[in-house]
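Comments concern the structure below.
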Amino acid sequence: MIKIGNYQTLYIVKKTDFGVYLSEHYPAEKEEERVLLPIRQVPEHAELGDKIKVFLYRDSADRLISTTAKPKILLDELSVLKVNDVTKIGAFLDWGLEKDLFLPFKEQTCRVMPGEEYLVALYLDKSSRLAATMNVYKYMKLAGDYEKDDIVSGVIYDIKKELGAFVAVDCQYAAMIPAQEIYQELRVGQKIEARVTSVREDGKLNLSIRQKAYEQMDKDAELILKKIEELGGMLSYNDKAAPELIEKDFHMSKSAFKRGVGRLYKQRKIEIGEKSIKIV
């Protein structure tokens, strides 16, 4: 059976001036489905009965066609693809073939922008056409051999303010950065490095984009000191300020802020007043 969206090795069963026709058997049965391989992609000296590995999809005229080019994604798989164009009917993605891959509006979880990259899955729509979707959760795998404190790479594919940021680790494993771990602006499509804080019983990963507290402390202290310098050497509140104010100015939790301030105080780089912090 000819399978769209995947690689298949087929026989050359007919040669023409514009390409060769491929089929599963040689010679092909009369009613057997055949697919064209355009002449520019036919290997030199190819003959009837030769086998060729091709990828099957539909061209701009919606005809089944084959190619020896390598797409960046296969059916039911995940990949990060760049947006080439956004139109009134949806977006078109670069997937390594001449005809861009269609991403319908109804399959977008956020507004996509030309030139940006997003995690998508390849699926067959109701008309048996290949298309992309950003609703990728069902295509995710459970964590493999990841353990607590492993450093992993991933891409953010969805953000729910009350829950957190959903991440595909290595573009395939389900993970999440809980809302309480987020102290900076994140966006869908952003590539990140994170630390595994736990492997849940269901096999999914919880992540943090912050290091362990004792490792993060020096970075936070540097950030705090730089911010105070930008403000002329004095901050108009101390480490007892409201968490919301600290998060707004420093994008960190109050506890992280207190640890950073404590580190600077021990290093004698700041003085802590009743309503201020001042560089020494």
Side-chain angles (χ1 to χ4, degrees), residues 2-10 18-19 22 35-43 52-141 152-159 165-175 185-194:
I2 298 292
K3 298 178 181 178
I4 190 170
N6 283 288
Y7 288 112
Q8 278 188 274
T9 300
L10 303 174
F18 49 84
L22 309 176
V35 59
L36 176 68
L37 177 65
I39 188 66
R40 63 184 177 278
Q41 296 191 34
V42 177
I52 301 180
K53 184 179 180 181
V54 293
F55 176 80
L56 304 175
Y57 69 114
R58 294 189 182 276
D59 64 12
S60 55
D62 206 29
R63 297 170 298 195
L64 185 64
I65 197 167
S66 64
T67 179
T68 54
K70 294 182 179 180
K72 298 177 182 179
I73 188 172
L74 300 180
L75 185 64
D76 295 329
E77 289 188 353
L78 296 164
S79 184
V80 175
L81 301 181
K82 185 176 74 172
V83 177
N84 277 343
D85 193 18
V86 177
T87 70
K88 294 180 179 179
I89 60 172
F92 291 87
L93 313 179
D94 174 14
W95 65 321
L97 302 184
E98 290 184 5
K99 177 192 175 186
D100 286 346
L101 179 64
F102 183 48
L103 172 62
F105 275 125
K106 65 182 181 65
E107 297 296 334
Q108 298 177 22
T109 60
C110 70
R111 181 184 178 187
V112 301
M113 302 296 291
E116 296 293 334
E117 296 182 333
Y118 302 90
L119 181 73
V120 298
L122 185 65
Y123 76 102
L124 277 176
D125 67 13
K126 294 179 180 179
S127 301
S128 295
R129 299 183 184 93
L130 292 169
T133 177
M134 293 173 68
N135 294 302
V136 298
Y137 180 75
K138 69 178 181 179
Y139 299 94
M140 294 287 176
K141 300 177 183 179
V152 298
S153 298
V155 59
I156 297 173
Y157 66 88
D158 199 7
I159 296 175
F166 294 86
V167 179
V169 170
D170 291 337
C171 289
Q172 57 183 320
Y173 298 107
E185 186 175 348
L186 300 176
R187 62 174 179 82
V188 172
Q190 183 176 343
K191 295 177 182 178
I192 62 164
E193 281 200 351

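Residue numbers run from 1 in the order of the sequence given. Predicted model only: the values in this text are computed from it and were never measured. Atom set for the values below is all heavy atoms of this structure, side chains included, hydrogens, waters and symmetry mates excluded.
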For [X] and [Y], work out which heavy atoms get closest and say how close.
X: Ser66; Y: Val35; answer: N-CG2, 3.6 Å
X: Ala168; Y: Tyr157; answer: N-CD2, 3.7 Å
X: Pro71; Y: Tyr7; answer: CD-OH, 3.3 Å
X: Leu37; Y: Val42; answer: O-CG2, 3.7 Å
X: Lys106; Y: Tyr123; answer: NZ-OH, 4.0 Å
X: Leu130; Y: Tyr57; answer: CD1-CB, 3.7 Å

Hey, does the side chain of [X] reach the backbone of [Y] with a donor-acceptor pair shorter than 3.5 angstrom?
X: Ser79; Y: Leu81; value: no
X: Arg58; Y: Ser128; value: yes
X: Asp59; Y: Ala61; value: yes
X: Gln108; Y: Leu103; value: yes
X: Tyr118; Y: Met113; value: yes
X: Thr133; Y: Asn135; value: yes
X: Gln190; Y: Arg187; value: yes

request  = Would you indicate whether the side-chain heavy atoms of Leu122 and Val120 approach each other to under 4.5 Å?
outcome  = no
4.5 Å side-chain heavy-atom contact, Val188 and Met134 = yes
[X] [atom1] to [Y] [atom2] distance, which is reported to the nearest 0.5 Å:
X: Asn6; Y: Leu75; atom1: CG; atom2: CG; result: 5.5 Å
X: Leu78; Y: Ile73; atom1: CG; atom2: CD1; result: 6.5 Å
X: Asp125; Y: Phe102; atom1: CG; atom2: CZ; result: 9.0 Å
X: Lys53; Y: Gln8; atom1: NZ; atom2: CD; result: 11.5 Å
X: Phe166; Y: Ile156; atom1: CZ; atom2: CD1; result: 11.5 Å

request  = Would you sort out whether Lys72 and Leu93 count as a side chain to side chain contact (heavy atoms under 4.5 Å, CB included), showing the intermediate values?
outcome  = CA-CA 11 Å; Lys72 298 177 182 179; Leu93 313 179; over 6 Å; no
